[in-house]
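Worksheet: one structure, shown below.
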2 protein chains.
Amino acid sequence: MRIITANVNGLRSAARKGFFDWLEGCGADVVCLQEVRASAAQVEEVGGKPPGWHVYQREAEKPGYSGVAIYSREPAREVVDHFNCAEFDAEGRYVEARFDGLRVVSAYLPSGSSGPERQAAKYRFLDEFALHLDKLARGRDEVVLCGDWNIAHTPIDICNDKGNRRNSGFLPAERGWLTEVLGRGWVDAFRQLYPAEEPGGYTWWSNRGQAFAKNVGWRIDYQLVTTGLAARLTRAEVYKAQRFSDHAPLIVDYAD
Amino acid sequence: MRIITANVNGLRSAARKGFFDWLEGCGADVVCLQEVRASAAQVEEVGGKPPGWHVYQREAEKPGYSGVAIYSREPAREVVDHFNCAEFDAEGRYVEARFDGLRVVSAYLPSGSSGPERQAAKYRFLDEFALHLDKLARGRDEVVLCGDWNIAHTPIDICNDKGNRRNSGFLPAERGWLTEVLGRGWVDAFRQLYPAEEPGGYTWWSNRGQAFAKNVGWRIDYQLVTTGLAARLTRAEVYKAQRFSDHAPLIVDYAD
DNA sequence: CTTACGAGG
DNA sequence: CCTCTTAAG
């Protein structure tokens, strides 16, 4: 089973860069997207409803903002497009597809980098989301939590750790929150497979300067999985051969 | 003497399309621009203050909106960047460069096509501007009134005359106003040289559809000149070899 | 720097 | 349809 997560920073922009051509041959069973920034109708207009895929989407109320989606080869038994948090459900940050014994989530955590107001919103999200993750972890189904978490966990998850200690996305409180989550039954799929890696596995590079060319990146896109799935991990890869967005897709394979 | 008028629809955009390369070799003594849509500093950033040219500019108060400029090989004796009409002077629609016995004006008349409010503004402009044109005509200097007038004068000045009789830019009241102006001492340079021409000489084509490819255009950019200059007209050309904008430059030569 | 939106044309 | 704005990232 192959699951991919990707922040596309505008699915219409990603489509222009060949995202849907790549999707066709990527071998995934489920693909989770964040920052779709388009309505279902707009997604359809750019070839975003390809045959052979089921598409489950949650838009933000504000047009062109945020938005998540799940593309699945198999139809979901059930789809839930919120986590019962009015403020952030209105921002289109959560969609969950339920299959037989498996739930796949596409989540887009707020960025706090635009200022203190959005950082405060990010902390509100983290509080609410932690409660929801606890509920998911206590359920019977295995779960893959895909998403752009907008948090780099440890110094090996970011290029310039010292310079970013006071920047949103690498603040001690954010990193501590993620450590807490990982202590409550969730496993970071990429890090489980490559625990002793040198700094790397980055999934995001700023558009400013030559960040991608110089690999000045952050690992902020994750698949967190329940322990049953962690035991089935076989491979993880950050796909950098094509650029669809300022983020790179994270591809994770699980033994069937 | 060669004088050129061009609505550049964003001078920064036109610069990306090679406008300043073309300017260097265009042979003009004076070039009048409309819809500059950039501040003097922004113009400078994109190479808009080339050596060998004097640049006289009037910005709108609203950033990125309207704005006119005059590029001149010779320095002006005097520059006036308004026509004493508070409403439209604030919109950056008039700049006049005064030379020995000659005044060159770059004027950008309002478009009314976005709705009744802007059409009403256009009529207010026409009323005020007519008074100003009368003053200019009564002066001692010869005058070249360059600009985007946002009015096609007669059926041979527009591709689809019947279909546009009720559209802003070809309304009877607008066309009548222009006829009035031409009756008070101003000569339409292009039409003076090519009076019996078939429909054509268009200077603007919609960006929608294939208007340029199909030559579905409007002649709305003019040089209106005082009678002394009308006698010196030698040549007029709409420059279509390169596209800097949805408008084409109008090049007019006057005997020295 | 890039993607969206909305105004204006 | 295109070029600007601003907000957001």
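In what follows, chains carry the letters A, B, and so on, assigned in the order in which the sequence lines appear, proteins first and then strands, with residues in each chain numbered from 1. Side chains included, hydrogens not; waters and symmetry mates left out as well; all remaining heavy atoms used.
In terms of phosphate contacts, B:R243 brings no side-chain nitrogen or oxygen within less than 4.0 Å of OP1 or OP2 of D:dC1. Checking the phosphate oxygens (OP1, OP2) of D:dG9, a side-chain nitrogen or oxygen of A:S114 falls inside 4.0 Å. Side-chain nitrogen and oxygen atoms of A:Y65 include none within less than 4.0 Å of the OP1 or OP2 phosphate oxygen of C:dT3. The shortest distance between the side-chain N/O atoms of B:S113 and the OP1/OP2 oxygens of C:dG9 is not below 4.0 Å. Close to C:dA7, at under 4.0 Å from its OP1 or OP2, lies no side-chain N or O of B:R37. Taking 4.0 angstrom as the limit, B:K62 places none of its side-chain polar atoms (N or O) nearer than this to OP1 or OP2 of D:dT6.
Ion pairing between A:D157 and A:R191 holds under the 4.0 Å rule for side-chain N and carboxylate O. Comment: A:D127 does not engage A:K122 in a salt bridge, judged by the lack of any side-chain N to carboxylate O separation of less than 4.0 angstrom. Classification of B:R118 and B:E91 as a salt-bridged pair holds, one side-chain N sitting under 4.0 Å from a carboxylate O.
With distances taken from any side-chain atom of A:R118 to the nucleotides D:dC2, C:dA4, D:dG9, the minimum falls on D:dG9. With C:dG9, C:dA4, D:dG9 as the choices, the nucleotide that has an atom nearest any side-chain atom of A:S13 turns out to be C:dA4.
Using a 4.0 Å heavy-atom distance criterion, A:Y108 is classed as a sugar-phosphate-only contact. Among the atoms of the strands shown, only primed sugar atoms or phosphate atoms (P, OP1, OP2) are found under 4.0 Å from some heavy atom of A:K17. As judged by a 4.0 angstrom heavy-atom cut-off over every strand, A:Q42 is placed among residues touching the sugar-phosphate backbone only.
Put simply, CG on A:D148 is 17 Å from P on C:dT3, counting in whole angstrom units. What separates CG of B:L11 from P of D:dT3 is a distance of 13 Å, to the nearest Å. In this structure, the CH2 atom of A:W204 is 14 Å from the P atom of C:dC1, given to the nearest Å. Summarising the geometry, the separation between CG on A:L33 and C1' on C:dT3 is reported as 16 Å, rounded to the nearest angstrom. As a whole-Å value, the separation of A:R93 CZ from D:dG9 C1' is 10 Å. Note: CG (B:N207) to P (C:dG9) measures 15 Å, nearest angstrom. Rounded to whole Å, the distance from CZ on B:F244 to P on D:dC2 is 17 Å. One atom, CD of A:E59, and another, P of C:dA4, lie 14 Å apart when rounded to the nearest Å.
The distance from the CZ atom of A:F170 to the CD1 atom of A:I220 is 12.5 Å, given to the nearest 0.5 Å.
With A:F190 as the aromatic partner, A:R219 does not meet the cation-pi criteria of under 6.0 angstrom to the ring centre and within 45 degrees of the ring axis.
Between A:P63 and A:R208, the residue whose closest nucleotide on DNA chain C is further toward the 5' end is A:R208.
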